[in-house]
Amino acid sequence: MNQTRTLLFFALMFVAYLLWTEWEKDYVTPPAPPAPTGQTTAGQPGADAAVPGATSPAGVPNESGAPADGKAELVTLSNDLLRLTIDTRGGSIVRSELLAYPTEPETKKNPTSPPVRLLDDDGAHFFAAQDGLVSNTGAAPDHRALFHAEKTENVLADGQKSVSVDLSWTDPSGVKVIKRYTLKRTDYVVDLDQRIENGSTAVWNGNAYHQLQRVPAEKVNWFKAYTDPAQHSFFGAAWYSPESKFESLPFVEFGKKPLNRQITGGWVSMLQHYFFVAWIPPANEAVTYSSNIVDPNSATPRYLVRAFGPAIQVAPGQSADSVARLYIGPKLQGTLDVIAPGLELTANYGWFTIIAQPLHWLLSQLHAISGNWGVAIILLVLLIKAALYKLTDAQFRSGARMRKLQPRVAALKERYGDDRVKMQQAMMELYKKEKVNPMAGCLPILITFPIFIGLLRVLSESIELRHAPFFGWIHDLSAPDPFYVLPVLYFIVTLLTQRMMPTAGMDPTQAKMMKVMPLIFGVFFAFFPSGLVLYWTINGATSLLQQWYINRSVDRAEIKAKTA
């Protein structure tokens, strides 16, 4: 590959990458396992089980069931990181506000911004974490039952390590359920304990379930679909098992490849850009994980994933507890695997995980040294450049020597005119005679391109860069440059780089494309996050300096050889 085609190659590969990620996001998913049939434990659903709601004859809840009568209340539970709103209708978490993550960057002009709302009871953004109990033999409160709370405001006080809220439900038969949510200080994990107290005269048999239910993402126009990194982030369900590790299911595949599998030591989640919610059952319980679509033919279908627990038996006068954990928060790498195995994989880099994860670790270490994510990006570029210096040196030296041959290549074009075969033969003989390898630029590009894409995924997916300031006018590395300074700098760098490239032997169409590529990319990058443009600009500037230095050294070597 000729050095003059490098920029065009990167452009075409980048466009191909955007198209690939758009397709992968919606359609690429691991094969679904065979769905089990029948019931594995009392009340446990088979492949055609209905979505939880009200108790059905089979003991499995159904969304069509009517909720219990009575007036519901909203209960608040909060620590220093989360503010949760719990509806006593079902005892479900219907709203969650991430207090450390404002919706917009906080600046002097905008000193306060509402926190990110992940779980939401608004119809257009509906997303709820639900849980409940079902029973074949007796009464049980599902996520539509009406609970009672003694206190509606539960806030972690100074000096407290945790705060809890209790919701109670009692059946005339004597069965009582106390649902307790607990938040610890500086923690995104919610502990859930469903205590079943059997005050009836019969044995209580049932199961606990935990589910996530939400509407799909809002549709955006085609331009935002390709310039906003959030649109390239995976949006859908994901789960983990010790055997198959991390697997995902985009919403468009819910009807085609439904999840139905029994897993011990796993978890199930709903992912989106930067944040996610996951139910984590006890590691020693065999849990059936499944997916479904609620109201699939409506204008706003809801997508559901559920963890259905093993059978629970409570003798008269006895009690039993069903516990689980719920993570509601950011994709903070380095801490998630402490909560549950594989949870760190929710920062989904797709096929480039093997490259992206080490790059993220290195970027984090550089941030720990510099204290600024923009500076960390610059240092990362310099480290990558230093590691690949020998390869790029060979690439640029080949390009410099080919640039020297441009007058002779132009003469060959004049001699052979439109005879492309003879022209190519003459060029190959010239390159062989002058010991120039036109393919010398291929290897560095093939190596650096996966690194570039891996870093692109890191910069797009890393919650740490969200609203992270750089210097001066850039208050948010995850947002476009407000004054377009970086895109203009990138345009200038690319234009200067193009001027230094050899152009001999290039056909007219390719030459025209090469001339407009800097302008196209400059305009395109005006709408990209400034962190990504900073990477491209620094990468391009260092390459430009390296190429300039090598051109000078090749010129000096040639002059020295002539005067020797």
Side-chain angles (χ1 to χ4, degrees), residues 6-18 21-22 104-105 107 220 223-233 273-274 349 352 356 359-360 362-363 366-367 370 372-385 445 448-498 516-547:
T6 301
L7 182 61
L8 183 60
F9 174 82
F10 266 97
L12 293 175
M13 290 296 285
F14 184 65
V15 172
Y17 164 75
L18 291 177
T21 52
E22 185 69 16
E104 300 293 337
T107 61
V220 297
F223 186 78
K224 188 175 182 180
Y226 284 97
T227 57
D228 184 0
Q231 305 305 318
H232 297 284
S233 183
H273 194 221
Y274 291 139
Y349 298 127
F352 292 90
L359 286 176
H360 180 275
L362 182 56
L363 188 65
L366 295 173
H367 172 260
S370 65
N372 184 289
W373 286 104
V375 175
I377 292 172
I378 295 173
L379 293 175
L380 182 61
V381 173
L382 296 179
L383 283 177
I384 293 174
K385 282 291 184 182
I445 294 173
T448 57
F449 187 73
I451 294 175
F452 159 70
I453 294 299
L455 186 58
L456 175 63
R457 296 304 293 263
V458 169
L459 298 180
S460 299
E461 291 288 328
S462 297
I463 181 67
E464 294 88 349
L465 272 77
R466 182 183 183 271
H467 295 177
F470 183 38
F471 293 117
W473 71 100
I474 297 179
H475 304 292
D476 182 3
L477 287 167
S478 65
D481 186 331
F483 300 111
Y484 309 112
V485 176
L486 287 176
V488 170
L489 289 176
Y490 175 78
F491 166 73
I492 294 171
V493 167
T494 309
L495 194 64
L496 292 174
T497 301
Q498 188 187 87
V516 300
M517 285 308 295
L519 180 60
I520 292 175
F521 267 69
V523 173
F524 199 57
F525 280 7
F527 303 94
F528 262 60
S530 52
L532 294 178
V533 186
L534 176 64
Y535 163 78
W536 278 68
T537 304
I538 299 300
N539 182 71
T542 52
S543 295
L544 179 64
L545 289 173
Q546 185 180 2
Q547 190 170 3

Student: Could you give me the CA-CA distance, side-chain angles and deciding distance for Phe352 and Val458, then say whether side chain to side chain contact (heavy atoms under 4.5 Å, CB included) is met?
Tutor: CA-CA 10 Å; Phe352 292 90; Val458 169; over 6 Å; no

Student: Can you tell me how far the CG atom of Leu534 sits from the CZ atom of Phe471, to the nearest 0.5 Å?
Tutor: 10.5 Å

Student: Check for a donor-acceptor pair, side chain of Ser370 on one end and backbone N or O of Asn372 on the other, with a separation under 3.5 Å.
Tutor: yes

Student: Looking only at heavy atoms, which two atoms of Phe491 and Gly522 are closest? And how far apart?
Tutor: CB-CA, 4.4 Å

Student: For residues Phe470 and Asp481, determine if any side-chain heavy atom of one lies less than 4.5 Å from a side-chain heavy atom of the other.
Tutor: no

Student: Could you state the interatomic distance from CD1 (Ile538) to CD1 (Ile377), rounded to the nearest 0.5 Å?
Tutor: 9.5 Å

Student: So, taking the atom named CD in Glu461 and the one named OH in Tyr349, what distance separates them when rounded to the nearest 0.5 Å?
Tutor: 7.0 Å

Student: Answer whether the closest heavy-atom distance between the side chains of Ile384 and Leu359 falls below 4.5 Å.
Tutor: yes

Student: Verify, without hydrogens or angle tests, whether His360 (side chain) and Arg457 (backbone) share a donor-acceptor contact under 3.5 angstrom.
Tutor: no

Student: Calculate, to the nearest 0.5 Å, the distance between atoms CD1 and CG belonging to Ile492 and Leu544 respectively.
Tutor: 11.0 Å

Student: Indicate yes or no: at least one non-hydrogen side-chain atom of Leu383 is less than 4.5 angstrom from one of Leu379.
Tutor: no

Student: Any non-hydrogen side-chain atom of Leu532 less than 4.5 Å from a side-chain atom of Ser460?
Tutor: yes

Student: For residues Ala526 and Pro487, report the shortest heavy-atom separation together with the two atoms involved.
Tutor: CA-CG, 3.6 Å

Student: Do Tyr535 and Leu380 come within less than 4.5 Å of each other through their side chains, counting heavy atoms only?
Tutor: no

Student: Give the ring-plane orientation class for Phe525 versus Trp536, where under 30° counts as parallel, over 60° as perpendicular and anything between as tilted.
Tutor: perpendicular

Student: Which distance, rounded to the nearest 0.5 Å, do you find between the OG1 of Thr497 and the CG of Leu545?
Tutor: 9.0 Å

Student: Please report the closest heavy-atom contact between Asp476 and Ser530, naming both atoms and the distance.
Tutor: O-OG, 3.1 Å

Student: Output the distance between atom CD1 (Ile520) and atom OG1 (Thr494), rounded to the nearest 0.5 Å.
Tutor: 12.0 Å

Student: Are Ser478 and Tyr274 packed together at the side-chain level, in the sense that at least one heavy-atom pair is separated by less than 4.5 angstrom?
Tutor: yes

Student: Measure the shortest side-chain to side-chain distance between Leu363 and Leu459 over non-hydrogen atoms and say whether it is less than 4.5 angstrom.
Tutor: yes

